[in-house]
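So the structure is just underneath, and the comments pick up after that.
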Amino acid sequence: MIKAHISFFFNVARQKNIVIINAVRRVFVTYFFMNNDEIWEVVLGDIEAQISRPNFLTWMKQSQLVSKDEKDGAVLVGLPNNFAKEWVKSRYHKIILGSLRNLDGSIRSVDYAVVNANTAEAVQRRIQRKQGGNAVVSQFLKPQEPLLELHIDPKTNINPRYTLDSFVVGSSNELAYAAVQAIIEDVGKKYNPLFIYGGVGLGKTHLIQAAGNEILKKYYNKVRVLYVTSERFINDVVWALRNKRMEDVKTKYRDIDVLIVDDIQFIGGKPATEQEFFYTFNTLYEHNKQIIMSSDRPPAAIPTLEERLRSRFEGGMIIDVAYPDYEMRFAILRAKAQEHGVSIDEDILKEVALRVKNNIREAEGVLNKIIFCQQVKNERVTTKKLEDIIHEATTRVSKRVATADVVRVVAQFFGISPQELVSRSRKREVVEPRQICMYLMREVLGFSYPHIGEKMGKRDHTTAIHAYEKVAKEISQNSGLNQKIMLIREGLEKST
Ligand code: ADP
Ligand code: MG
């Protein structure tokens, strides 16, 4: 009842534009134990006043506060899909963190995850099940959502789902696997640092987190392990610099025995973070602490990486993971089905292994849909059904997408107007998005070059050819670009 009054008070205050003194707010949070929803409601009110109405409705309306860790002040914000998650993270992180900290000064960091109503419900049921309730199996309700992300131990950040037992070894990853095994035997002494690189969805995160899990198990939690994405590391450093709390960050990262950093390629090009990482790296290294890193490419191919950091990485062990062959893809799919406790026809698994070859994550997505069909909907997966599932997973964006959608989504992604996108402007901020737009019109809609030129402000067809070829070539070398295009494609899917 009291809480309802407080929420009401905040709402009225907001509507009337009354500025609530931070200290007072904090007292409310502390003494009346506002729950997550109530805290988030207040924060949303704050954010609403700082960004435009359409942006608020599009991006923030469906957000939620998933968890708040009292001990280390970490907050997890849930967004309904990956596109929204990336968007909010890149555009509104500062505002969100600011508003949260205004309300509660003990909050120190914000992370984002894909969480929607189904996921939240599913998680709830899983928890009930764990606690002895008799909830139905809900793991497959939303096959591709990272449900288990929510059960991560905040001290280590490691997801218990990733184990060596569930990691299938074959010629494409046996060296990386062997190196990880050697490290588990002899932490910090061999292969330090270990640098594993390879394409998207090939099991890097799985393997390096499994290393962390096995080390924790083998040494009865006596060895302190910390897993972070490089993004998280960057956020920590940026936050510490801004709030003059560098000492805390130093302690956090230097007071451990095994540091695992995922997707280290993003560290490059950010001087303050690189420097901090370099110091952390040296301190740990000099004390024989183990460092394990993953990246989408070898150190030499991270163009912005500082020389001294690169040579440090190269001083250890560098191993790549390659694309798995058919046998291995099949073995992985079989193992995943077993993990889920589901029996699936071998012919179906073979077909998936044969057809979905680019990355394991995609194959797993197909498998989850098959399981969903069989288990939840009680439907037999016919050849036709399988064909549909594979088709849907491999041709990402459907034909329903119209030209206007591509222009709109690309413009929105880059924060420019659709008119600007097709205009004659040669400004850098417009040229790249325009080229990406033309590339997508060809890739997604299959338009002819003259048609693309026509749609993009009556340009010549050679301009369209040039744009397409440029982007197509760069995608393979520039993971930042690749990532952007993936996100835009995802956004297109969601928009239809
Ligand atoms: P990356 O980090 O290289 O992009 P991930 O580690 O996230 O890839 O792997 C994507 C998915 O594929 C995960 O669900 C992971 O468990 C699974 N996977 C990848 N390789 C293997 C493997 N060798 N054995 C079992 N599962 C795998
Ligand atoms: Mg990864």
Side-chain angles (χ1 to χ4, degrees), residues 82 85-86 111 113-114 139-140 142-152 157-181 194-214 227-233 260-267 292-298 302 318-340 342 344 349 352-353 356-371 393 479-480 482-483 486-487 490:
N82 212 8
K85 177 185 126 185
E86 292 302 322
D111 242 339
V114 178
Q139 199 166 346
F140 308 118
K142 266 271 154 184
Q144 281 161 313
E145 311 287 27
L147 297 187
L148 286 159
E149 258 183 22
L150 300 174
H151 298 293
I152 295 165
N157 280 338
I158 292 187
N159 190 331
R161 167 173 108 91
Y162 296 119
T163 61
L164 277 194
D165 278 348
S166 61
F167 190 75
V168 176
V169 187
S171 55
S172 62
N173 61 14
E174 60 191 354
L175 277 182
Y177 179 80
V180 161
Q181 273 195 319
L194 172 65
F195 190 104
I196 294 178
Y197 73 91
V200 174
L202 299 186
K204 302 182 298 294
T205 298
H206 186 139
L207 187 58
I208 62 178
Q209 291 218 26
N213 270 321
E214 300 295 328
Y227 165 89
V228 281
T229 58
S230 65
E231 212 175 10
R232 174 72 186 256
F233 184 86
I260 305 173
V261 189
D262 209 350
D263 289 321
I264 191 90
Q265 72 271 8
F266 296 124
I267 291 256
I292 304 174
M293 291 172 281
S294 87
S295 161
D296 67 350
R297 61 203 111 155
I302 307 177
I318 301 178
I319 303 178
D320 73 319
V321 288
Y323 287 92
D325 57 16
Y326 165 75
E327 261 72 37
M328 198 167 148
R329 294 197 298 271
F330 176 64
I332 292 175
L333 286 168
R334 202 169 43 188
K336 297 273 174 203
Q338 259 167 14
E339 225 174 90
H340 288 311
V342 181
I344 294 178
L349 290 184
V352 178
V356 191
K357 23 182 175 235
N358 284 340
N359 84 52
I360 297 165
R361 196 172 299 146
E362 213 163 78
E364 225 183 314
V366 170
L367 180 70
N368 284 342
K369 287 208 173 110
I370 295 172
I371 295 176
S479 73
N482 198 355
Q483 176 109 9
M486 258 165 50
L487 286 170
E490 223 175 288

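What you are looking at is a predicted structure, and each value in this text was computed from that prediction instead of being measured. Order of appearance sets the numbers: ligands from 1, and atoms from 1 within every ligand.
At a 4.0 Å heavy-atom cut-off, the residues surrounding ligand 1 are Arg161, Tyr162, Ser166, Phe167, Val168, Asn173, Gly199, Val200, Gly201, Leu202, Gly203, Lys204, Thr205, His206, Ile332, Lys336, Ile360, Arg361, Glu364, listed by chain and number.
With respect to Val261, the side chain to side chain contact (heavy atoms under 4.5 Å, CB included) criterion is satisfied by exactly one of Thr229, Val228, Ile208: Val228.
Under the 30°/60° scheme for interplanar angles, the aromatic rings of Tyr326 and Phe330 are found to lie parallel.
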Next item on the list: Let me see the working for Val180 and Ile292 under side-chain contact (heavy atoms from CB on, under 4.5 Å), right down to the final yes or no.
Entry: CA-CA 9 Å; Val180 161; Ile292 304 174; 5.7 Å; no

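At distances below 3.5 Å, at least one donor-acceptor pair connects side-chain atoms of Asp325 with backbone N or O atoms of Met328. In this structure, Gln209 contributes its side chain and Asn159 its backbone to a donor-acceptor pair below 3.5 Å. In this structure a side-chain-to-backbone donor-acceptor pair under 3.5 Å is missing from Asn173 to Asp320.
Between Arg232 and Asp111, at least one side-chain nitrogen of the basic residue sits less than 4.0 Å from a carboxylate oxygen of the acidic one, meeting the salt-bridge criterion.
Side chains of Tyr227 and Asp262: a donor on one and an acceptor on the other come within 3.5 Å.
Around the Mg ion (ligand 2), the protein contributes the following N, O or S atoms under 2.8 Å, ordered by chain and number: Thr205 OG1.
Expressed to the nearest 0.5 Å, how far OH of Tyr197 lies from OG of Ser294 amounts to 13.0 Å.
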